2 protein chains.
Amino acid sequence: MNTPLLNERDIAFLLYELLDTGRLPDRERYREHSREVFDATLQTARTIAEKYFANHNAKGDANEPTFDGAQVQLIPETKAAWDAFAGAGFLAAGYDYEEGGLQLPEVILRTAMAYINAANISTTGYLFLSIGAANLIHAFGSEAQKARYLPPMREGRFAGTMAMTEPAQGSALADIRTYAVEQPDGTYRLFGQKMFISGGDQSLTENIVHMVLARIKGAPVGVKGISLFICPKFLVNEDGSPGARNDVALAGLLHKMGWRNTTSTVLSFGEQGGAVAYLVGEAHKGLGYMFQMMNEARIAVGLGAAALAYQGFNYSLAYARQRPQGRLPSSKDPLSKQVNIIAHADVKRMLLAQKAYAEGSLALCLYASSLFEDQSTAPDSETRRRAALLLDLLTPVVKSWPSKYGTKANELAIQVLGGSGYIREYPVEQYYRDNRLNPIHEGAEAIHGIDLLGRKVGMQQMAGYSAFRENVAATIREAAGLEATAGFTAPLEAAMTRLDEVTRHLLGVIPANPDLGLANATVYLDLFGRITLAWLWLWQAVTAAEGLNQPGLPQADHDFYQGKLHTTRYFFQWELPETDVMADLLSRLEATPLEMQDAWF
Amino acid sequence: MNTPLLNERDIAFLLYELLDTGRLPDRERYREHSREVFDATLQTARTIAEKYFANHNAKGDANEPTFDGAQVQLIPETKAAWDAFAGAGFLAAGYDYEEGGLQLPEVILRTAMAYINAANISTTGYLFLSIGAANLIHAFGSEAQKARYLPPMREGRFAGTMAMTEPAQGSALADIRTYAVEQPDGTYRLFGQKMFISGGDQSLTENIVHMVLARIKGAPVGVKGISLFICPKFLVNEDGSPGARNDVALAGLLHKMGWRNTTSTVLSFGEQGGAVAYLVGEAHKGLGYMFQMMNEARIAVGLGAAALAYQGFNYSLAYARQRPQGRLPSSKDPLSKQVNIIAHADVKRMLLAQKAYAEGSLALCLYASSLFEDQSTAPDSETRRRAALLLDLLTPVVKSWPSKYGTKANELAIQVLGGSGYIREYPVEQYYRDNRLNPIHEGAEAIHGIDLLGRKVGMQQMAGYSAFRENVAATIREAAGLEATAGFTAPLEAAMTRLDEVTRHLLGVIPANPDLGLANATVYLDLFGRITLAWLWLWQAVTAAEGLNQPGLPQADHDFYQGKLHTTRYFFQWELPETDVMADLLSRLEATPLEMQDAWF
């Protein structure tokens with residue numbers, strides 16, 4: 001049973017009806033582009049996704065990379081996929097023409113990536129880390145570093161990684177131990193071990209550029225003593241040709257629950273005297289630089305989670321439409337024909353929940369991508385400023401909500417298929433296993449709760465929060481004027497008011513008692529995310545209601561818009577009410593976990 | 001890092017402080033037993049679990065059974081585990097002495113099985129299906145059938161299966177197509193295909209006794225035309241020796257997400273002229289018979305889910321206690337020592353939730369086992385009647401709640417470990433994969449919602465429900481008299497009152513509009529389960545509060561009881577409040593999923 005990658009109608013809705021993507025060619029940077037160019041780009045991505053990525057999604061899962069002591073072995077389709085993606089120019093597509101790029105907007109490239117993710121997320125680790133590593137050098141590297149590394153990275157001859165985590169610390173970057181020793185020639189030698197490094201070794205590219213966080217000997221302790229280095233697997237000669245093997249060794253492969261076709265590695269730096277490395281930007285500022293890559297990666301994580309949720313939804317929907325089983329409770333005649341399981345209320349619930357999570361997550365990620373775009377290319381400075389604030393505020397939600405609820409969507413896809421969902425003969429259990437990484441990497445869920453409540457919400461006198469609040473209020477005003485959506489305004493307004501109260505309350509507690517004020521930050525993140533999604537669904541509903549008013553609407557569009565409205569109804573009836581429970585818990589500064597004692601476990 | 005199987009202190013608490021297991025030797029059937037015998041039995045089970053099951057939990061997962069066209073290959077540890085279990089007499093332990101059994105009570109045997117499950121659930125499929133199949137023959141077979149099959153099944157020479165599901169139908173047993181043709185000699189020939197048959201083929205035993213549901217040619221349609229047959233893999237000669245191969249063929253192995261060391265098979269009956277089969281009991285009554293096996297299996301599923309939840313909790317707790325990472329929000333000094341992650345509020349939340357789900361699920365399953373016991377061996381008929389009613393009512397909850405929340409517990413265990421939780425180098429991701437089967441097999445979750453709301457709650461003028469209501473009220477009365485638990489009584493009373501209202505409301509709607517009344521039965525099941533667990537936690541809290549009043553209590557016991565009280569606090573603060581949201585949804589007969597149209601997806 002073949003199911004489509006994502007949903008072209010929904011993509012068009014999100015890009016061109018909900019978001020202002022169609023207006024981007026009005027901006028200077030995109031004046032040579034048009035909707036046709038954007039659509040052709042997406043079509044290319046979809047074709048590559050179908051032809052070079054979907055073909056080995058299951059195969060890569062069943063035949064994970066191996067290491068024979070000398071070389072990492074990958075199934076050959078991986079290299080073909082890498083080459084197709086690089087060959088189409090996607091590794092460079094976001095750069096300016098003069099840099100060898102296609103000067104395409106962020107929101108289009110993210111959508112293109114969503115197709116690739118939907119086809120085979122477990123091969124995409126190589127791609128998105130390479131793009132991120134190149135962006136980091138582009139933003140903070142010297143001209144010489146850019147000249148040496150960026151061309152081969154954009155062409156796909158070099159890949160990149162993000163080497164932060166170490167065995168002795170996970171999320172606590174302040175405590176990394178890898179250290180760098182400066183050499184008379186201004187280069188450094190790295191010593192230490194990194195863990196969970198995706199794509200840390202592979203057999204796809206002639207070189208791998210590791211972006212490594214390390215502490216220069218004698219640097220201040222904590223996050224303010226961390227520097228960023230380029231450390232290539234092979235040194236690069238002056239003429240750009242590959243030189244000697246650097247002192248970076250693959251200490252081992254890790255064997256993941258899913259996402260298996262991207263290697264996860266333990267890397268040893270400096271076992272043979274020191275890995276040659278080059279400082280990026282200024283010393284001790286590495287963590288700040290890395291955050292650029294992490295913030296991009298966090299949107300990428302949300303987007304990947306959304307794409308997997310989407311594929312589970314697509315597959316389980318197609319399955320439910322063709323699988324006869326049982327009868328409705330009202331049917332007492334055992335001779336009557338069985339219904340397809342999509343007729344069962346509980347199956348429809350599970351499909352609706354998936355639709356709400358998948359389409360809502362995709363809407364969230366594309367909205368974030370539009371903010372990413374606006375912060376640099378919007379014509380007026382106020383829009384740019386506002387976009388940057390909103391993106392900064394929402395990044396924890398963009399990373400976490402799709403990860404949590406996308407994974408939940410995949411659990412529901414398994415349940416819709418029943419026994420078939422549990423066996424590898426069907427694709428949905430792999431979606432779950434792949435997606436389960438997302439609430440963990442690029443900052444585990446709890447980190448983002450603390451980031452949101454402890455940092456983002458209060459920053460700049462709540463400027464980001466206020467901008468968000470205004471957006472929600474604007475959508476509520478629009479919704480109030482439409483018959484189809486007026487009923488949604490009161491519940492969202494009420495939830496938003498509670499969020500205001502809870503936020504003020506917690507921000508008042510945190511300065512004097514941060515342990516108590518932040519104890520339930522994960523719940524706050526969930527509350528904030530749920531309200532954000534309710535807003536995005538209402539915004540979609542308003543857009544759909546306007547779409548329905550178009551004269552001569554084809555039946556397929558009519559159904560599509562009705563689907564958006566009905567899924568909004570689902571979200572407001574089934575998902576939004578829980579915000580009350582969360583707000584209650586946060587308001588009373590619930591401290592049962594905080595007060596639990598080790599010995600009582 | 002080795003973690004214990006379950007928790008001996010908790011087992012002792014559940015069996016001897018919460019439940020009346022210590023009084024069972026007062027009953028006629030157990031007068032030769034004592035607590036010492038019970039404990040020795042559990043000790044034997046634990047030793048076998050540690051020695052013969054835990055040793056290949058990961059290995060069986062990584063090396064799933066294969067079929068070379070002639071023989072199913074299993075890792076050799078599987079046979080050693082089967083032999084150890086059978087050799088200790090556990091396949092027969094529940095039977096009377098004169099039947100070759102050990103005449104041990106249900107609750108002890110279930111607890112023994114929980115140890116085995118905790119060590120390696122994926123090898124246990126063979127065991128519990130064989131026990132169930134033997135019980136079925138014991139209850140409904142003829143004397144000749146019993147004489148032929150039970151001795152080798154109890155000795156472990158024959159295994160058993162439960163062959164119901166077919167490729168064209170999953171949960172809808174009314175529609176099975178496998179058919180039986182009666183022969184002049186009174187035997188039958190079976191024709192058809194069965195799917196998802198656990199242990200349907202293996203290389204552990206000299207024979208396999210399939211308990212097969214099939215329709216005798218010409219039988220009435222629907223559930224009233226289904227008969228139960230014994231269909232052995234090898235025919236059995238008059239003297240009990242194995243005869244010719246029967247016409248049952250392994251059509252293929254299925255490849256599961258977890259639970260991999262138990263084969264899941266597609267079996268073909270009658271491709272060579274008909275599989276010889278023997279009618280069990282009366283024709284057309286097979287489904288009723290099979291329900292005995294299913295009801296036992298449903299408790300077994302809940303128990304397995306509880307055991308896996310327990311192991312994930314144990315492992316993630318041990319991990320959190322020894323893994324240093326980060327500092328508390330109140331600590332601003334980067335030079336200060338890192339804390340172990342158990343100090344973080346969100347980690348404690350995830351551990352508390354696991355403790356609540358795991359220990360609560362085990363309490364539920366052992367309580368159900370005590371009801372199972374009481375319905376046949378309680379001295380007075382009123383206790384027997386009441387136990388049977390309660391067990392019948394609660395079986396859907398016993399099956400479903402641990403399955404859903406045990407799986408959720410395992411997700412949390414993964415999250416506590418972070419990146420390490422996601423790799424197969426650590427055991428917790430396997431627990432999740434193993435546990436994910438439980439909300440699917442022995443009736444998918446939705447089936448149990450409909451069973452509970454559509455059948456169990458209303459049966460016999462709500463006699464089971466009333467008995468449950470009385471139990472809850474009795475615990476509330478006890479709790480009200482203790483300082484440590486008095487604060488829990490009002491919220492549980494309120495939740496119970498809402499359950500009463502919702503139940504009456506829905507039972508009023510169902511007769512005229514079953515599709516609407518049963519549309520949210522899965523939510524009803526969740527609501528009922530959550531209240532049941534709140535009651536079980538309150539019951540445990542009362543028992544713990546009484547335990548705390550003992551003079552000269554050792555510190556370890558003090559901590560244990562405090563843990564029970566604090567976890568009750570967690571359950572009432574974090575889990576119970578959601579019952580309001582569920583009750584609201586049910587009260588307003590929420591119909592968004594029901595009204596969703598296929599075309600709108």
Side-chain angles (χ1 to χ4, degrees), chain A residues 169-172 174-175 196 221-222 254-257 317 325-326 328-330 334-335 338 342 345-346 348-349 351-352 355 415 418-419 422-425 429 436-437 439-440 444 446 454 514-515 518-519 522 559 562-563 566 569-570 573 577-578 581 584 590 592-594 596 598-601, chain B residues 169-172 174-175 196 221-222 254-257 317 325-326 328-330 334-335 338 342 345-346 348-349 351-352 355 415 418-419 422-425 429 436-437 439-440 444 446 454 514-515 518-519 522 559 562-563 566 569-570 573 577-578 581 584 590 592-594 596 598-601:
Chain A
Q169 54 74 8
S171 308
D175 298 298
F196 296 121
V221 294
L254 300 166
H255 299 89
K256 302 191 292 301
M257 183 188 202
L317 174 60
Q325 196 177 302
L328 298 188
S330 55
L335 277 175
Q338 294 197 68
I342 197 170
D346 198 57
K348 288 203 270 194
R349 171 188 67 82
L351 292 171
L352 258 177
K355 185 174 166 73
Q415 197 67 22
Y422 192 68
I423 56 177
R424 276 128 63 209
E425 282 77 355
E429 65 86 34
R436 186 64 187 82
L437 178 59
I440 297 172
D515 294 340
L518 291 168
T522 303
D559 288 339
Q562 286 292 357
H566 206 73
R569 224 164 277 145
Y570 165 81
Q573 291 289 329
E578 233 173 283
V581 177
D584 287 347
E590 216 297 313
T592 306
L594 198 64
M596 181 69 177
D598 185 328
W600 296 352
F601 279 114
Chain B
Q169 55 73 9
S171 308
D175 298 297
F196 297 120
V221 295
L254 300 166
H255 299 89
K256 301 191 292 303
M257 182 186 201
L317 174 60
Q325 195 175 303
L328 298 188
S330 55
L335 278 175
Q338 294 197 67
I342 197 170
D346 199 57
K348 287 203 270 195
R349 171 188 66 81
L351 292 171
L352 259 176
K355 186 173 165 75
Q415 196 68 19
Y422 192 67
I423 56 176
R424 277 129 60 211
E425 282 78 354
E429 65 86 35
R436 187 60 187 86
L437 178 59
I440 297 172
D515 294 340
L518 290 167
T522 303
D559 289 338
Q562 286 292 357
H566 206 71
R569 224 164 278 143
Y570 165 82
Q573 290 290 330
E578 232 172 285
V581 177
D584 288 346
E590 217 296 314
T592 306
L594 198 66
M596 182 69 177
D598 186 328
W600 296 353
F601 279 113

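Just the heavy atoms: all of them, side chains too, but no hydrogens, waters or symmetry mates, feed the values below. Worth saying up front: this structure is predicted, and the values here are computed from it rather than measured. In what follows, every chain begins at residue 1, and chains take the letters A, B, ... in the order their sequences are listed.
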For chain B, which of [options] has the most heavy-atom pairs under 4.5 Å?
{"options": "A:Leu328, A:Asp584, A:Thr522", "answer": "A:Thr522"}
{"options": "A:Gly454, A:Gly418, A:Gly222", "answer": "A:Gly418"}
{"options": "A:Pro577, A:Gly563, A:Gly326, A:Ala446", "answer": "A:Gly563"}
{"options": "A:Leu594, A:Leu518, A:Ile423, A:Val221", "answer": "A:Ile423"}
{"options": "A:Ser330, A:Ala345, A:Ala519", "answer": "A:Ser330"}

Measure the spacing between [atom1] of [X] and [atom2] of [Y] and express it to the nearest 0.5 Å.
{"X": "A:Trp600", "Y": "B:Lys355", "atom1": "CH2", "atom2": "NZ", "value": "11.0 Å"}
{"X": "B:Leu351", "Y": "A:Asp598", "atom1": "CG", "atom2": "CG", "value": "9.5 Å"}
{"X": "B:Glu590", "Y": "A:Gln573", "atom1": "CD", "atom2": "CD", "value": "4.5 Å"}
{"X": "B:Leu437", "Y": "A:Tyr422", "atom1": "CG", "atom2": "OH", "value": "4.5 Å"}
{"X": "A:Phe601", "Y": "B:Leu352", "atom1": "CZ", "atom2": "CG", "value": "4.5 Å"}
{"X": "B:Asp175", "Y": "A:Gln338", "atom1": "CG", "atom2": "CD", "value": "3.5 Å"}

Closest contact, heavy atoms only, A:Ala444 versus B:Gln415: CB-NE2, 3.9 Å
Contact origin within A:Lys256 toward chain B - heavy atom pairs under 4.5 Å: both
Region of A:Phe196 in contact with chain B, defined by heavy-atom distances below 4.5 Å: side chain
Option passing side chain to side chain donor-acceptor pair (under 3.5 Å) with A:His255 (candidates B:Glu429, B:Arg424, B:Glu425): B:Glu425
Interchain contact, B:Leu317 with chain A, by part (heavy-atom threshold 4.5 Å): side chain
Side chain to side chain, A:Met596 and B:Gln562, heavy atoms closer than 4.5 Å: no
Any donor-acceptor pair under 3.5 Å from A:Glu578 side chain to B:Val581 backbone: no
